[in-house]
Amino acid sequence: MVTILFLLPEFRLAVVQLHVTKVKADNLSRARGLIKEAAAQGAKLVVLPECFNSPYGTGFFPEYAEKIPGESSQVLSEAAKESQVYLVGGERNSGQPVGTVPVAGQPVGTVPVAGQPIHLFDIDVPGKIRFQESETLSPGSNLSVFDTPYCRVGVGICYDIRFAELAQLYSKKGCQLLVYPGAFNMTTGPAHWELLQRGRAVDNQVYVATASPARDETASYVAWGHSTVVSPWGEVISKAGSEETVVYADIDLQYLANVRQQIPITAQRRSDLYTVNAVQEG
């Protein structure tokens, strides 16, 4: 059966840059309030940061992880329903082994997609940062895609943005917006955060949005912040600083179509010489 989507040409996206603390109840309450604020400003799709309900760090993951459905996913579901928005947020799943899950809520209160990051953040930059997500997390094996009346959305988590092939697969699946809840740090953030977003947007002629936690200089892991939305032309159209805030962008699908018509790279790809395909669908 073929699903035909009748998409609205323009909608408002909100990215919540949340100040995350060690008190889960406070994180959930503040997130819910900012979702409501975003909806009042006309947002139809709201993106929360990775680990919006807990501090970021391998020592925190097992403690704050929940089953899905659970407390945090229930809050997302209720917030989506009461504010009549589509909603994306990343949390830790306490299924064995623990993993990060992008959970999408929709206006009727259901959760249409839950997956895991495909790539784990295992890096070692001598003298600056070493982090090994694989100490407590496991990677996912499915792509996370969901449909809205506005566009099809592909979801990655943080480190996934470094892998151009994943973004290309989402584009081939018809995604016009890619969202990456993430938490780049004070080393990788200033170097690569914006660069990667603009690269994925230009490579695939899609909108790209990233949602970071707000920066907390007292935390054991200091997030870069600067949640951003990038256009299919590679322009930064909305960007936060380091503090807690909500940033907005009007997503224009006609503009996206114009960019693709002007520079038709999809039709010009040499599939007779190279291709990127999913090994397994999901």
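Counting from 1, the numbers follow the sequence of the chain as shown.
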Peer 1: Could I get the full list of salt bridge (charged side-chain N to carboxylate O under 4.0 Å, His left out) partners for Lys24, not counting sequence neighbours?
Peer 2: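 Listed in chain order: Glu66.
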Peer 1: Kindly give the cluster partners of Leu273, where membership spreads through any ILVMFWY side chain lying under 4.5 Å from a current member.
Peer 2: Tyr274
Peer 1: Let's go through Lys44 and Thr148 carefully: what are the C-alpha distance in whole Å and the side-chain angles of both, what is the deciding distance for side chain to side chain contact (heavy atoms under 4.5 Å, CB included) to 0.1 Å, and is it a yes or a no?
Peer 2: CA-CA 10 Å; Lys44 301 301 182 183; Thr148 75; over 6 Å; no
Peer 1: Which residues satisfy the side chain to side chain contact (heavy atoms under 4.5 Å, CB included) test with Glu217, sequence neighbours excluded?
Peer 2: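 Side chain to side chain contact (heavy atoms under 4.5 Å, CB included) list for Glu217, sorted by chain: Arg215, Val222.
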Peer 1: Is it the case that the side chain of Gln132 and the backbone of Ile123 share a donor-acceptor pair, with hydrogens and angles ignored and the cut-off at 3.5 Å?
Peer 2: yes
Peer 1: Do Ser72 and Asn53 meet the criterion of a side-chain donor-acceptor pair at a distance under 3.5 Å?
Peer 2: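 Yes, a side-chain donor-acceptor pair sits under 3.5 Å.
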Peer 1: Do Val155 and Asp160 have side-chain heavy atoms sitting under 4.5 Å apart?
Peer 2: no
Peer 1: Would you kindly say whether Asn185 and Thr188 are connected by a side-chain donor-acceptor distance under 3.5 Å?
Peer 2: yes
Peer 1: Same hydrophobic cluster for Ile265 and Val259, using side-chain heavy-atom links shorter than 4.5 Å among ILVMFWY?
Peer 2: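 Yes: a chain of side-chain contacts under 4.5 Å links Ile265 to Val259.
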Peer 1: Going through the checks in order, is the side chain to side chain contact (heavy atoms under 4.5 Å, CB included) test met by Leu169 and Val276?
Peer 2: CA-CA 7 Å; Leu169 286 173; Val276 175; 4.0 Å; yes
Peer 1: Of all residues at least two apart in sequence or in a different chain, which pass the side-chain hydrogen bond (donor to acceptor under 3.5 Å, both in side chains) check with Asp250?
Peer 2: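 Asp250 satisfies side-chain hydrogen bond (donor to acceptor under 3.5 Å, both in side chains) with Arg12 only.
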Peer 1: State, to 0.1 Å, how close His226 and Gln17 come at their nearest heavy-atom pair, and which atoms those are.
Peer 2: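 The answer is N-OE1, 3.0 Å.
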Peer 1: Where is the tightest heavy-atom contact between Tyr64 and Lys22, given as atom of each residue plus distance?
Peer 2: OH-O, 2.5 Å
Peer 1: Under 4.5 Å between side-chain heavy atoms, hopping through other hydrophobics if needed: is there a path connecting Val202 to Ile161?
Peer 2: no
Peer 1: Would Thr21 and Asp26 count as a side chain to side chain donor-acceptor pair (under 3.5 Å) if you check the C-alpha gap in whole Å, the side-chain angles of each, and the deciding distance to 0.1 Å?
Peer 2: CA-CA 8 Å; Thr21 72; Asp26 289 350; 4.8 Å; no
Peer 1: Any chance you could measure Ile251, atom CD1, to Leu45, atom CG, to the nearest 0.5 Å?
Peer 2: 8.5 Å
Peer 1: Could you tell me which residues satisfy salt bridge (charged side-chain N to carboxylate O under 4.0 Å, His left out) with Glu71, sequence neighbours excluded, listed by chain and number?
Peer 2: none
Peer 1: If we ignore hydrogens and angles and just use 3.5 Å, is the side chain of Glu244 paired with the main-chain N or O of His19 as donor and acceptor?
Peer 2: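 Judged by distance alone, yes, a pair lies under 3.5 Å.
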Peer 1: Run the side chain to side chain contact (heavy atoms under 4.5 Å, CB included) test against Asn277 and tell me which residues pass, sequence neighbours left out.
Peer 2: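 Residues passing side chain to side chain contact (heavy atoms under 4.5 Å, CB included) with Asn277: Lys172, Thr275.
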Peer 1: Grab the two heavy atoms, one from Pro49 and one from Leu18, that are nearest each other, plus how far apart they are.
Peer 2: CG-N, 3.8 Å
Peer 1: For the CG atom of Leu196 and the CZ atom of Phe184, what is their distance to the nearest 0.5 Å?
Peer 2: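 Going from CG on Leu196 over to CZ on Phe184, the span is 5.0 Å.
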Peer 1: Hey, mind stepping through Leu166 and Leu143 against side chain to side chain contact (heavy atoms under 4.5 Å, CB included) and telling me if it holds?
Peer 2: CA-CA 8 Å; Leu166 178 60; Leu143 305 183; 3.4 Å; yes
Peer 1: List in chain and number order the residues that pass side chain to side chain contact (heavy atoms under 4.5 Å, CB included) with Cys175, two or more places apart in sequence or in another chain; answer none if no residue qualifies.
Peer 2: Val145, Arg152, Tyr170, Leu178
Peer 1: Please lay out, stage by stage, how Leu87 and Leu48 fare under the test side chain to side chain contact (heavy atoms under 4.5 Å, CB included).
Peer 2: CA-CA 8 Å; Leu87 184 59; Leu48 296 173; 4.2 Å; yes
Peer 1: Same cluster for Val23 and Tyr56 if Ile/Leu/Val/Met/Phe/Trp/Tyr side chains link at under 4.5 Å?
Peer 2: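 No; Tyr56 is not reachable from Val23 via cluster members.
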Peer 1: Supply the atom-to-atom distance Leu13 CG to Phe11 CZ, rounded to the nearest 0.5 angstrom.
Peer 2: 6.0 Å
Peer 1: Run the side chain to side chain contact (heavy atoms under 4.5 Å, CB included) test against Asn204 and tell me which residues pass, sequence neighbours left out.
Peer 2: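 Only Ala167, Gln168, Ser171, Val206, Arg269 meet the side chain to side chain contact (heavy atoms under 4.5 Å, CB included) criterion with Asn204.
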Peer 1: Write down the atom of Ser231, the atom of Ala201, and the distance for their closest heavy-atom approach.
Peer 2: O-CB, 3.4 Å
Peer 1: Thr58: which residues meet the side-chain hydrogen bond (donor to acceptor under 3.5 Å, both in side chains) condition with it, sequence neighbours left out?
Peer 2: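 By the side-chain hydrogen bond (donor to acceptor under 3.5 Å, both in side chains) rule, Thr58 matches no residue at all.
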Peer 1: Which residues pass the salt bridge (charged side-chain N to carboxylate O under 4.0 Å, His left out) test with Arg260, sequence neighbours left out?
Peer 2: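 For Arg260 there are no salt bridge (charged side-chain N to carboxylate O under 4.0 Å, His left out) partners, ignoring immediate neighbours.
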Peer 1: Of Tyr221, Phe61, Phe60, which is the lone residue that meets side-chain contact (heavy atoms from CB on, under 4.5 Å) with Cys51?
Peer 2: Phe61
Peer 1: Which pair of non-hydrogen atoms, one from Gln84 and one from Lys81, has the smallest distance, and what is that distance?
Peer 2: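 Closest approach of Gln84 to Lys81: NE2-O, 2.8 Å.
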Peer 1: Atom CG in Leu34, atom NZ in Lys36: separation rounded to 0.5 Å?
Peer 2: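 If I round to the nearest 0.5 Å, the distance is 12.0 Å.
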Peer 1: Would you check if the side chain of Gln197 reaches a backbone N or O of Trp193 as a donor-acceptor pair within less than 3.5 Å?
Peer 2: yes
Peer 1: Using a 6.0 Å cut-off, check whether atom CD of Gln261 has over 12 heavy atoms from anything other than its own residue.
Peer 2: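 No, the 6.0 Å shell around CD holds no more than 12 heavy atoms from other groups.
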Peer 1: Can you name the nearest heavy-atom pair linking Asn27 to Ser54, along with the distance?
Peer 2: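 Closest approach of Asn27 to Ser54, heavy atoms only: ND2-N, 3.8 Å.
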Peer 1: Tell me, please, which residues at least two apart from Phe163 pass ring pair (Phe, Tyr, Trp, His ring centres under 6.0 Å).
Peer 2: His119, Tyr159
Peer 1: With rounding to the nearest 0.5 Å, note down the distance linking CG in Asn142 to CD1 in Ile118.
Peer 2: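 Nearest 0.5 Å value for the CG-CD1 distance: 8.0 Å.
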Peer 1: Is the backbone of Tyr180 close enough, under 3.5 Å, to the side chain of Thr210 for a donor and an acceptor to pair up by distance?
Peer 2: no
Peer 1: Using distance alone, with no hydrogens and no angle criterion, decide if Glu78 and Gln74 have a side-chain donor and acceptor under 3.5 Å apart.
Peer 2: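 Yes, because at least one side-chain N or O of Glu78 sits under 3.5 Å from a partner of the opposite role on Gln74.
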Peer 1: Distance-only check: which donor-acceptor pairs under 3.5 Å involve side-chain atoms of residues 234-241, not counting sequence neighbours?
Peer 2:
residue, atom, partner, partner atom, Å
Ser238, OG, Tyr248, O, 2.9
Lys239, NZ, Glu194, OE1, 2.7

Peer 1: If you measure from OH on Tyr255 to OH on Tyr207, what distance do you get to the nearest 0.5 Å?
Peer 2: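 The OH atom of Tyr207 is 6.5 Å from OH of Tyr255, to the nearest 0.5 Å.
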